[in-house]
Amino acid sequence: MQDLIIKIYDKLYRIYGPQGWWPILSHEGTNPTKKGVIKGYHPGNYDLPIERNDIYEVILGTILTQNTAWLQADKALSHLNQLNALEPEKLLQLDDETLKSAIRCAGFLNQKSIYLKEITRFFIELEGKVPTREQLLQVKGVGNETADSINLYAYKQPEFVVDAYTKRIFTHLGIVDEKISYIKLKNLFQFHLPGSIPVYQEYHALIVEHAKKHYSRKPYEDEILNEFSLK
DNA sequence: AACCAGGACGTGA
DNA sequence: TCACGTCATGGT
């Protein structure tokens with residue numbers, strides 16, 4: 001099992017290369033494997049985000065992309081940027097209708113407009129400090145995956161991110177039961193991996209990249225990771 | 001023209 | 001805890 005988790009990572013990394021997550025608007029993309037939206041990815045650079053507004057932008061993105069294609073979240077961020085609102089104090093000044101129209105393309109506009117302002121107030125109160133997982137989970141609109149995404153990609157903390165794709169791939173391979181909880185699956189990865197921020201960041205991104213290509217429509221056929229199947 | 005997208009929340013067993 | 005309905009828009 002230990003080798004399995006690492007071997008799968010190695011193979012995905014060999015195939016797809018560094019993913020450059022989390023994409024940031026102001027950083028021009030250089031990842032040729034990505035179609036459509038390559039803007040903002042910064043493969044191989046694990047120092048980002050550095051600037052306060054870039055950290056904030058990553059956080060906004062984690063909310064906007066909930067159950068939504070990144071392309072749409074990216075558009076919403078561009079709209080906010082046009083409104084000069086990729087800064088916490090500015091976003092709070094937007095009236096709700098303006099905010100909703102800016103993020104409409106990302107769906108769930110009524111909830112997400114509330115969530116964005118909630119997380120923004122929380123972000124300001126932090127005053128630059130790194131939030132704990134428990135603190136994040138208390139913010140309305142922040143669940144397990146979003147909390148871990150914020151910690152891993154905005155604050156570079158060692159929290160492994162699990163998403164629907166992760167569960168889909170690893171249940172398909174017969175490595176875990178489909179009813180496994182978020183926390184148990186997360187702990188499985190953290191137990192078998194070195195506590196490396198780049199590895200955590202890449203592994204989740206690689207899972208998403210691989211799943212988009214091979215797990216978006218049933219029946220799932222994964223000739224790439226099939227050699228690791230336990231079924 | 002259904003199906004899907006880098007989930008979270010509220011509710012009732 | 002845990003399963004289930006709901007939230008919304010846009011791409012394929």
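In this text the structure is predicted, and so the values were computed from the model without any measurement. Every chain is numbered from 1 and lettered A, B, ... according to where its sequence line falls, protein lines coming before strand lines.
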### Summary
First and last nt of DNA chain C near chain A, cut-off under 4.0 Å to heavy atoms, 5' to 3', are C:dA3 to C:dG11
### Query
Are A:Arg52 and A:Glu87 within salt-bridge range, i.e. N to O under 4.0 Å?
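A:Glu87 and A:Arg52: not salt-bridged.
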### Query
Can a salt bridge be assigned to the pair A:Arg121 and A:Glu125 using a cut-off of 4.0 Å between side-chain N and carboxylate O?
no
### Message
Using heavy-atom distances to pick each residue's nearest nucleotide on DNA chain B, tell me which of A:Pro23 and A:Gly141 is more 5'.
### Response
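The answer here is A:Pro23.
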Can you measure [X] atom [atom1] to [N] atom [atom2] for me and round it to whole angstrom units?
X        : N      : atom1 : atom2 : value
A:Ile63  : B:dA8  : CD1   : P     : 8 Å
A:Asp163 : B:dA8  : CG    : C1'   : 14 Å
A:Glu118 : B:dG7  : CD    : P     : 21 Å
A:Tyr115 : B:dA8  : OH    : P     : 10 Å
A:Ile114 : B:dG10 : CD1   : C1'   : 14 Å
A:Arg217 : B:dC4  : CZ    : P     : 6 Å
A:Tyr215 : B:dA5  : OH    : P     : 13 Å
A:Leu64  : B:dA8  : CG    : C1'   : 14 Å

### Task
With side-chain hydrogen bond (donor to acceptor under 3.5 Å, both in side chains) as the test, would you mind laying out the steps for A:His210 and A:Asp222 before giving the verdict?
CA-CA 9 Å; A:His210 181 64; A:Asp222 191 346; 2.9 Å; yes
What N/O pairs connect the protein and nucleotides 11-13 of chain B at under 3.5 Å? Give each pair on its own line.
none

### Neighbours of DNA chain C within residues 96-111 of chain A, by heavy-atom distance under 4.0 Å
A:Arg104, A:Cys105, A:Gly107, A:Phe108, A:Leu109, A:Asn110, A:Gln111
For [X], which contact category applies under a 4.0 Å heavy-atom criterion: base, sugar-phosphate, or nothing?
X        : answer
A:Lys179 : sugar-phosphate
A:Val142 : sugar-phosphate
A:Val139 : sugar-phosphate

Under 6.0 Å from the [atom1] atom of [X], do we count more than 12 heavy atoms belonging to anything else shown?
X        : atom1 : answer
A:Glu227 : CD    : yes
A:Glu89  : CD    : yes
A:Lys179 : NZ    : no

### Task
Considering only atom P, compute the distance from B:dA8 to C:dG10 and round it to an integer number of Å.
22 Å
### Message
Rounding to an integer number of angstrom, what distance separates B:dC3 and C:dG5 when you compare their P atoms?
### Response
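Approximately 16 Å lies between the P atom of B:dC3 and that of C:dG5.
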### Message
We want to know whether A:Thr166 and A:Asp163 form a side-chain donor-acceptor pair, criterion being a heavy-atom distance below 3.5 angstrom.
### Response
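Looking only at side-chain atoms, A:Asp163 and A:Thr166 do form a donor-acceptor pair, the distance falling under 3.5 Å.
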### Task
May I ask you to check whether A:Tyr16 and A:Glu202 show a side-chain donor-acceptor distance below 3.5 Å?
no
### Query
Looking at CZ of A:Arg133 and CD of A:Gln157, how far apart are the two atoms once the value is rounded to the nearest 0.5 Å?
13.0 Å
### Task
Measure the OG1-OH distance between A:Thr62 and A:Tyr153 for me, rounded to the nearest 0.5 Å.
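So the gap between those two atoms works out to 12.0 Å.
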### Query
For A:Lys212 and B:dC4, is the shortest distance between a side-chain N/O and OP1 or OP2 below 4.0 Å?
no
### Message
Using OP1 and OP2 only, check whether a side-chain N or O of A:Thr146 sits under 4.0 Å from B:dA8.
### Response
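Affirmative; the distance criterion is met.
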### Task
Would you check if the side chain of A:Gln66 reaches a backbone N or O of A:Gly141 as a donor-acceptor pair within less than 3.5 Å?
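Here the side-chain-to-backbone pair exists.
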### Task
Kindly state whether the ring of A:Tyr215 and the ring of A:Tyr165 have centres lying under 6.0 angstrom apart.
no
### Query
Which comes earlier along DNA chain C counting from the 5' end, the contact point of A:Ser181 or that of A:Lys75, where each point is its nearest nucleotide?
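Taking each residue's closest nucleotide, the earlier one in sequence belongs to A:Ser181.
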